[in-house]
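Input: a single structure, listed below in structure tokens.
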Number of protein chains: 2
Amino acid sequence: MADGRASSAQSGENLLFLTDEQLRQGIEAMFFAYRGFTADPDRILSDMAYGRAHHRAVHFINRAPGTTVNNLLNILGVTKQSLNRVLRTLIEDGLVESKVGKADKRERHLFLTEEGHALEQKLSDAQRVRMRMAYREAGPDAVAGFRRVLEAMMDREMRNAYGRLKDSGT
Amino acid sequence: MADGRASSAQSGENLLFLTDEQLRQGIEAMFFAYRGFTADPDRILSDMAYGRAHHRAVHFINRAPGTTVNNLLNILGVTKQSLNRVLRTLIEDGLVESKVGKADKRERHLFLTEEGHALEQKLSDAQRVRMRMAYREAGPDAVAGFRRVLEAMMDREMRNAYGRLKDSGT
DNA sequence: TTGGAATGTCAACAACACTGACATATGCTG
DNA sequence: CAGCATATGTCAGTGTTGTTGACATTCCAA
């Protein structure tokens, strides 16, 4: 199983495809690529009092304005205490606004302020530059495959969340 | 630039391909997929005194037995203090062996013990299960594209490290 | 022999996650 | 209205992983 042969019975067409070696290369590619993926925003954030967690919060609030805390919690997959620490600083610093819900006053709806939008732009611009280069270098067919594999790699709930966001974006 | 149109001048063929919206979907796919990617090993590790950093160390020592601390440092992209804390516990617990170099006695060459191999197997088995399912679901062409985009997303040094590991694996 | 490289270690600190407990306000249901 | 559930916020404690900075040891090479 660890000697380079296929690690499970495969039909002939797959014997040369799903070897442990091929899978391990994919695993390592994910590891190295994710480092690159986060490197640029991380560099920007390290000059401020913010970190990757702030980036994620700002990204998804921008993506789904008016989202509730609970919804954000589900998307980010962290505890409310962890998210709250991040949201508190963002609200204190005037990047995020929290509005009491109209229908249900227990809920808080989150919005980016102008300043919050500015940060989001700065971070996502940096991340898009790399993404655009990678997409252009690899070509449209590769991008389609890239997306298909990533989707298949997600947990079910994350795939659902991803689908909802994808559909909401025009 | 944030209104959904392509964010940089593109030739016609790319106007429908590299919109900010498409790029953002790719960014979110990476985020959600990476969560799935690490979920299974993380679950296993949380039952021990180990974390993701231990997994990474064990993975690359297994991949390149006899690697030096410095080499591992470059691959993992962390400080020696951070790596050392992880290596120390792995050595203390008898999962990793550190051998003084023959040619250069300053160097330490790292190897997995039997117990270390057992943990590596357990972790990478879990990770491969998900990878294999994703690969199978997406198909060979998608996988090729997946790998091409990921490679294009890496920093140069990481792409080099990745290439060396890839070539070393038969 | 001296300088520098490789390694290891100590201390302090920060970011980010977790659990557990508790408070507050609100909504819903009987 | 009473009681329970939900949504949010907060406090305290803890763990993992990363960082800087400082310093010691060992050893190679000029």
Side-chain angles (χ1 to χ4, degrees), chain A residues 31 34-35 38-39 41-61 66-93 96-111, chain B residues 31 34-35 38-39 41-61 66-93 96-110 123:
Chain A
F31 170 68
Y34 199 76
R35 282 254 296 281
T38 55
D42 281 358
R43 252 189 300 277
I44 295 173
L45 288 159
S46 70
D47 295 336
M48 319 188 200
Y50 297 142
R52 209 177 283 178
H54 299 82
H55 180 191
R56 291 197 285 257
V58 163
H59 173 98
F60 286 109
I61 294 172
T67 186
T68 64
V69 172
N70 227 355
N71 183 30
L72 202 50
L73 236 37
N74 291 328
I75 288 176
L76 296 177
V78 297
T79 59
K80 63 174 179 174
Q81 294 91 330
S82 198
L83 175 59
N84 194 256
R85 191 185 340 126
V86 167
L87 279 182
R88 203 185 326 168
T89 67
L90 288 172
I91 292 170
E92 276 170 9
D93 296 351
V96 168
E97 206 180 349
S98 167
K99 290 182 183 170
V100 173
K102 283 180 183 171
D104 186 336
K105 290 178 187 165
R106 289 170 305 180
E107 295 180 336
R108 301 300 136 92
H109 298 278
L110 303 170
F111 300 88
Chain B
F31 170 69
Y34 199 77
R35 282 252 296 279
T38 56
D42 281 359
R43 252 189 300 276
I44 294 172
L45 288 158
S46 70
D47 295 337
M48 318 188 200
Y50 297 142
R52 211 177 282 180
H54 299 84
H55 180 191
R56 292 198 284 257
V58 164
H59 174 99
F60 285 109
I61 294 173
T67 186
T68 63
V69 172
N70 223 5
N71 184 30
L72 202 52
L73 236 38
N74 291 329
I75 288 176
L76 296 177
V78 297
T79 59
K80 63 176 178 174
Q81 293 91 331
S82 198
L83 174 59
N84 195 255
R85 191 178 343 127
V86 167
L87 281 181
R88 205 186 325 165
T89 67
L90 289 172
I91 292 170
E92 277 169 9
D93 296 351
V96 168
E97 206 181 348
S98 167
K99 291 182 181 168
V100 173
K102 283 181 183 170
D104 185 337
K105 290 177 187 168
R106 288 169 305 180
E107 295 180 337
R108 302 301 139 93
H109 298 278
L110 303 169
L123 294 172

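To find a chain, count down the sequence lines: A is the first, B the second, and so on, and within it residues start at 1.
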How would you label the contact of [X] with the nucleic acid (heavy atoms, under 4.0 Å): base, sugar-phosphate, or nothing?
| X | result |
| --- | --- |
| R85(A) | base |
| H54(B) | sugar-phosphate |
| A57(B) | nothing |

Would you indicate which nucleotide in [options] comes nearest to any side-chain atom of [X]?
| X | options | value |
| --- | --- | --- |
| R56(B) | dC18(C), dT17(D), dT9(C) | dT17(D) |
| D104(B) | dT17(D), dA17(C), dC28(D) | dC28(D) |
| S82(A) | dT19(D), dC23(D), dA17(C) | dA17(C) |
| R52(B) | dG8(C), dT17(D), dA6(C) | dT17(D) |
| N84(A) | dA25(C), dC16(C), dG9(D) | dG9(D) |
| V69(B) | dG27(C), dT7(C), dG18(D) | dT7(C) |

From [atom1] of [X] over to [atom2] of [N], roughly how many Å is that when rounded to an integer?
| X | N | atom1 | atom2 | answer |
| --- | --- | --- | --- | --- |
| E92(B) | dG8(C) | CD | P | 13 Å |
| R88(A) | dA15(C) | CZ | C1' | 14 Å |
| L76(A) | dT8(D) | CG | P | 13 Å |
| R43(B) | dC18(C) | CZ | C1' | 16 Å |
| L73(B) | dA5(C) | CG | C1' | 14 Å |
| K105(B) | dA29(D) | NZ | P | 12 Å |
| Y34(B) | dA17(C) | OH | P | 14 Å |
| N70(A) | dT8(D) | CG | P | 5 Å |

TODO: For residues R52(A) and T38(A), determine if any side-chain heavy atom of one lies less than 4.5 Å from a side-chain heavy atom of the other.
DONE: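 Sidechains of T38(A) and R52(A): in contact.
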Between [X] (side chain) and [Y] (backbone), is there a donor-acceptor pair under 3.5 Å?
| X | Y | answer |
| --- | --- | --- |
| R35(A) | L76(B) | yes |
| R106(A) | V100(A) | no |
| S82(B) | T79(B) | no |

TODO: Respond yes when some side-chain nitrogen or oxygen of T79(B) is under 4.0 Å from OP1 or OP2 of dG18(D), and no when none is.
DONE: no
Between the base of [N] and the side chain of [X], is there a donor-acceptor distance below 3.5 Å?
| X | N | result |
| --- | --- | --- |
| R106(A) | dA25(C) | no |
| K80(B) | dG8(C) | yes |
| R108(B) | dT7(C) | no |

Task: Residue whose nearest DNA chain D nucleotide is more 5′ - H109(A) or Q81(A) - done: H109(A)
Open item on the list: Can you see whether S98(B) engages H109(B) through a side-chain donor-acceptor pair at a distance of less than 3.5 angstrom?
Closed with: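 The criterion, which ignores hydrogens and geometry beyond distance, is not satisfied for H109(B) and S98(B).
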TODO: Please determine, by modelled atom types, if D93(B) and T89(B) share a side-chain donor-acceptor pair under 3.5 angstrom.
DONE: no
Open item on the list: Closest-nucleotide mapping onto DNA chain C: is L87(B) or G101(A) further toward the 5' terminus? I mean the 5' end.
Closed with: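 With L87(B) and G101(A) compared, the 5'-side residue is L87(B).
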